[in-house]
Structure formats: C-alpha cells, structure tokens
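This is a predicted model, so every value here is computed, not measured. Chain identifiers are assigned alphabetically (A, B, ...) following the order of the sequence lines, protein sequences preceding nucleic acid strands; residue numbering begins at 1 within each chain.
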There are 2 protein chains.
Amino acid sequence: MEDKRQIVDNLVLELRRGTLVLSVLSQLVAPQYGYSLVESLETKGIHIDPGTLYPLLRRLEKQELLQSEWETSGPKPRKYYILSVLGKEVYQELCNEWLELNKSIMAIL
Amino acid sequence: MEDKRQIVDNLVLELRRGTLVLSVLSQLVAPQYGYSLVESLETKGIHIDPGTLYPLLRRLEKQELLQSEWETSGPKPRKYYILSVLGKEVYQELCNEWLELNKSIMAIL
DNA sequence: TGAATATACTGTATGTCACACACTATTGTC
DNA sequence: GACAATAGTGTGTGACATACAGTATATTCA
C-alpha cells in the first residue's frame with residue numbers, strides 16, 4: 001500500500017507530463033538552448049529535469065518540429081533550438097486542444 | 001517521418017492522459033459503474049475507452065482511492081465504484097494541482 | 001417461435017511510448 | 001580544485017491504447 005503523498009505526487013506527475021511538450025514548444029518561438037530552457041521554464045513555475053529535456057529536444061527535432069544550430073563562437077558551444085514551420089503549426093493546434101481540454105475539465109470539477 | 005496529423009494526435013493523447021484520473025475521480029462522488037462512467041464522461045466531451053477505464057478503476061481501487069460493490073439485484077450484475085475517504089482527499093489535492101498547472105500553462109501560452 | 005443480431009457490460013493481454021532519475025563528460029571560472 | 005554551465009546517454013517504470021474475450025439481455029425479423 002502506497003502512502004497518500006506518493007499517490008498524489010505520482011498523479012501530479014502524470015498531469016504535468018503531457019504539458020511538457022506544450023511548454024517547451026511555447027518557449028521556442030525565439031531560439032534557446034537546452035540549459036536556458038530549463039532555467040526560463042523554472043522561473044515560470046514549470047520544472048523540467050535536464051535529463052528529460054535533452055532527449056525531448058532531440059525527439060522533437062527528429063519529428064521536424066524543431067530546428068537546431070550549434071553556436072560555437074561563444075565561450076562554450078551551445079545548441080540552439082527554434083520552432084520549424086511545422087512546429088509552429090503543431091504548436092497552434094496543440095494550444096487549441098489544450099484550451100478545449102481545459103474547458104472540459106473545468107466543467108466537471 | 002511521421003505525418004503532422006499523427007504527431008498532433010499523439011501529443012493530444014499525452015495531454016489528455018494525465019487528466020483521465022482526475023476526470024474519473026470527479027465523477028465518483030456518486031456511485032457509478034464502468035459503463036455509466038464511460039457514457040457520462042462522453043456527454044461531457046471526455047472520451048475514454050472501456051478497455052482503458054476498467055483497468056484504471058481497478059488500479060484506483062487497489063490504491064484505495066475507490067471502493068467498489070457488486071450490485072446483483074438488477075437484471076445484470078454491475079460493479080459500482082465510489083470515492084473512498086482517501087480518494088476524496090486525493091481528489092481535492094489533485095484539483096488544486098490542476099488549477100496551479102493551468103495557471104502556469106496559461107501564463108506561457 | 002426461434003434464430004440472428006445488437007447492445008450492455010466487464011474483463012485481460014500486449015505493445016509502445018515517454019518521462020524520471022542517475023549517470024558521464026566537457027569546458028570555463030573563481 | 002571546486003563549482004557552474006552545458007550537453008548528452010541508458011535503464012527502468014508506469015500508464016495508456018488497442019485489440020481481444022466473454023456473458024447476458026434485448027431486439028429484430030423471418
């Protein structure tokens with residue numbers, strides 16, 4: 001038998017899970033690199049583990065929702081990501097779906 | 001390379017995934033059986049496949065968020081579920097977390 | 001009447017996907 | 001040398017979708 005705290009935490013985890021992609025896409029209208037994403041989302045109350053983000057970014061790039069570019073002129077090499085055209089479209093649709101879903105949930109609570 | 005429709009569908013799936021438990025819990029302030037749950041949620045714009053719901057109900061019962069009772073006096077045996085005390089508490093917390101999350105997401109969109 | 005079909009209802013098994021977590025590795029900076 | 005910045009990998013677990021199985025009642029229709 002699990003304890004209550006753990007059950008809740010787990011469910012919250014599941015809740016936030018699906019919103020991660022949405023969060024990430026929303027930030028990439030302007031180019032950002034992984035580490036900066038982690039930080040900027042953190043300030044907005046959305047925690048994402050680097051070990052979660054990096055594979056996510058790669059996956060989104062493979063799906064062609066993102067484009068990336070290495071920036072090597074600075075002191076440390078950084079990989080910048082930004083939304084592709086397809087990414088923008090998908091992001092838009094996802095936003096709409098979120099609003100829909102939100103409406104449904106609010107209605108039943 | 002996947003096509004756009006499929007990518008979006010998949011992401012939407014992920015979005016709704018975490019909200020399933022919340023939806024189900026919200027309906028079980030009054031006793032309901034599986035099939036009635038599927039239908040009542042459907043009318044509220046939340047689709048859940050029976051094959052998804054039944055295992056979910058059993059899982060929630062195992063976690064002691066739900067209690068169940070067979071109703072055998074009717075023409076067909078039905079298994080009624082309702083929130084336990086623990087379930088109500090968890091539901092409350094989950095609601096709050098949802099509202100929090102919602103605020104965060106709305107802020108970044 | 002009786003057979004076929006639909007529908008209500010509960011359940012199981014398997015596959016896939018995605019994240020958390022813990023880890024490695026590198027390069028600057030104080 | 002320690003710490004921050006930055007990127008990455010690999011494994012395990014959890015959860016849902018999908019498809020399938022099965023029973024009982026109601027309905028249709030020849």
Whole-Å distance between [N] [atom2] and [X] [atom1]?
X	N	atom1	atom2	answer
Arg59(A)	dT9(D)	CZ	P	15 Å
Leu41(A)	dC19(C)	CG	P	13 Å
Glu39(B)	dT10(C)	CD	C1'	14 Å
Leu66(B)	dT10(C)	CG	C1'	16 Å
Tyr80(A)	dA7(D)	OH	C1'	14 Å
Glu61(B)	dG11(C)	CD	C1'	14 Å
Leu56(B)	dT12(C)	CG	C1'	15 Å
Leu37(B)	dA8(C)	CG	C1'	15 Å

Checklist entry - Start at the 5' end of DNA chain D and walk down; is the nucleotide closest to Ser36(A) or to Leu11(A) reached first? => result Ser36(A)
Next on the checklist: Distance criterion of 3.5 Å, no angle test: do you see the side chain of Lys76(A) paired donor-to-acceptor with the base of dA5(D)?
Outcome noted: yes
Checklist outcome for this item: Taking dG8(D), dC9(C), dA7(D) as options, the one with an atom nearest any side-chain atom of Tyr33(B) is dC9(C)
Item to check | Residue Tyr35(A), side-chain atoms from C-beta onward, closest of dA15(D), dT6(D), dA8(C) | outcome: dT6(D)
Checklist entry - So, Glu89(A) and Lys4(B), do they make that salt bridge, N to O below 4.0 Å? => result yes
Checklist entry - Taking the side chain from Ser84(A) and the backbone from Glu64(A), do they hold a donor-acceptor pair closer than 3.5 Å? => result yes
Answer with base, sugar-phosphate or nothing: what part of the nucleic acid does [X] contact at a heavy-atom distance below 4.0 Å?
X	answer
Arg58(A)	sugar-phosphate
Arg17(A)	base
Gly51(A)	base

Is any side-chain nitrogen or oxygen of [X] closer than 4.0 Å to OP1 or OP2 of [N]?
X	N	answer
Thr52(B)	dC16(D)	no
Arg78(A)	dA5(D)	no
Asn10(A)	dT13(D)	no

Next on the checklist: For Asp49(A) and Tyr54(B), find the nucleotide of DNA chain C closest to each by heavy atoms; which residue's nucleotide sits nearer the 5' end?
Outcome noted: Tyr54(B)
Checklist entry - Of Pro77(A) and Leu13(A), whose closest DNA chain C nucleotide lies nearer the 5' terminus? => result Leu13(A)
Next on the checklist: Are Leu101(B) and Leu25(A) linked, directly or through intermediate hydrophobic residues, by side-chain heavy-atom contacts shorter than 4.5 Å (ILVMFWY only)?
Outcome noted: yes
Checklist entry - In terms of side-chain heavy atoms, does Glu42(B) have a donor or acceptor partner in Ser40(B) at a distance below 3.5 Å? => result no
Next on the checklist: Restricting to non-hydrogen atoms, name the atom on Gln32(A) and the atom on Leu37(A) that form the minimum distance, rounded to 0.1 Å.
Outcome noted: OE1-N, 3.7 Å
